[in-house]
Amino acid sequence: MELKYKELKSRFAMEEFSGATATSIIQEFYINMLLSNLVSLIKNDADEEIDITSKSSNKFRYQANRAFIIGRIKIIFPKILCDLSELSVIEKLYKEAVRCRSQILPGRSFPRKKLKSKGRSHFRNKKAAL
């Protein structure tokens, strides 16, 4: 869940709305969600294809590169909506995603560092409730 939020916030620039009205902001939100779902569909299909075609003698497992797919879909999708490109470019993107893959390295999680308190906590800037 946190990774999806990070993807929406940083890769799709969800906080940087170009519109000023509530309607335009809602439209941008939904188009970003559509793009995110489309990227997930392409990545899942590419991952299945990579698993099927991978050799058992490989040292590492591979997966489709999500950042690559996001970068390409942000260029392709507006062209599809404006009828400047056909839907077949999504099939080409899928084939490129199968080819452009990254390694899944096992044991890549690191424990979080515990911060020591410095003796004094921050004061809450709230009024006393009476």
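Heavy-atom basis, side chains included; hydrogens, waters and symmetry copies ignored.
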Can you give me every donor-acceptor pair (side chain of residues 38-46, partner residue at least two apart or in another chain, under 3.5 Å) with its distance?
from  : atom 1 : to    : atom 2 : distance (Å)
Ser40 : OG     : Lys4  : NZ     : 3.3
Ser40 : OG     : Ser36 : O      : 3.1
Lys43 : NZ     : Asp47 : OD2    : 2.7
Asn44 : ND2    : Ser40 : O      : 3.3

In short, salt bridge (Lys or Arg N to Asp or Glu O under 4.0 Å) pairs touching residues 77-93 with sequence neighbours left out are none

Rounded to the nearest 0.5 Å, how far does CD1 of Ile76 lie from CG of Leu84? 13.0 Å

Working to the nearest 0.5 Å, report the span between CG of Leu93 and CZ of Phe77. 12.0 Å

Determine whether Ile50 and Arg61 satisfy the following criterion, side-chain contact (heavy atoms from CB on, under 4.5 Å), listing intermediate values before the conclusion. CA-CA 9 Å; Ile50 290 169; Arg61 291 183 50 226; over 6 Å; no

N/O donor to acceptor pairs below 3.5 angstrom from side-chain atoms of residues 27-34, sequence neighbours left out:
from  : atom 1 : to    : atom 2 : distance (Å)
Glu28 : OE1    : Ser18 : N      : 3.2
Glu28 : OE2    : Ser18 : N      : 3.0
Glu28 : OE2    : Ser18 : OG     : 2.8
Glu28 : OE2    : Gly19 : N      : 3.0
Asn32 : ND2    : Glu28 : O      : 3.2

May I ask whether Phe12 and Ile26 are part of the same hydrophobic cluster, defined by side-chain heavy atoms of I, L, V, M, F, W, Y residues being less than 4.5 angstrom apart, directly or through others? yes

All salt bridge (charged side-chain N to carboxylate O under 4.0 Å, His left out) counterparts of Lys74, not counting sequence neighbours: none

Test salt bridge (charged side-chain N to carboxylate O under 4.0 Å, His left out) applied to Arg101 - qualifying residues, sequence neighbours left out: none

For Glu96, all residues meeting salt bridge (charged side-chain N to carboxylate O under 4.0 Å, His left out), sequence neighbours excluded: Arg72

Following the transitive rule for hydrophobic clusters with a side-chain heavy-atom cut-off under 4.5 Å over Ile, Leu, Val, Met, Phe, Trp and Tyr, establish whether Leu81 and Ile75 coincide in one cluster. no

Separation between CG (Leu8) and CG (Leu35), nearest 0.5 Å, reads 10.0 Å

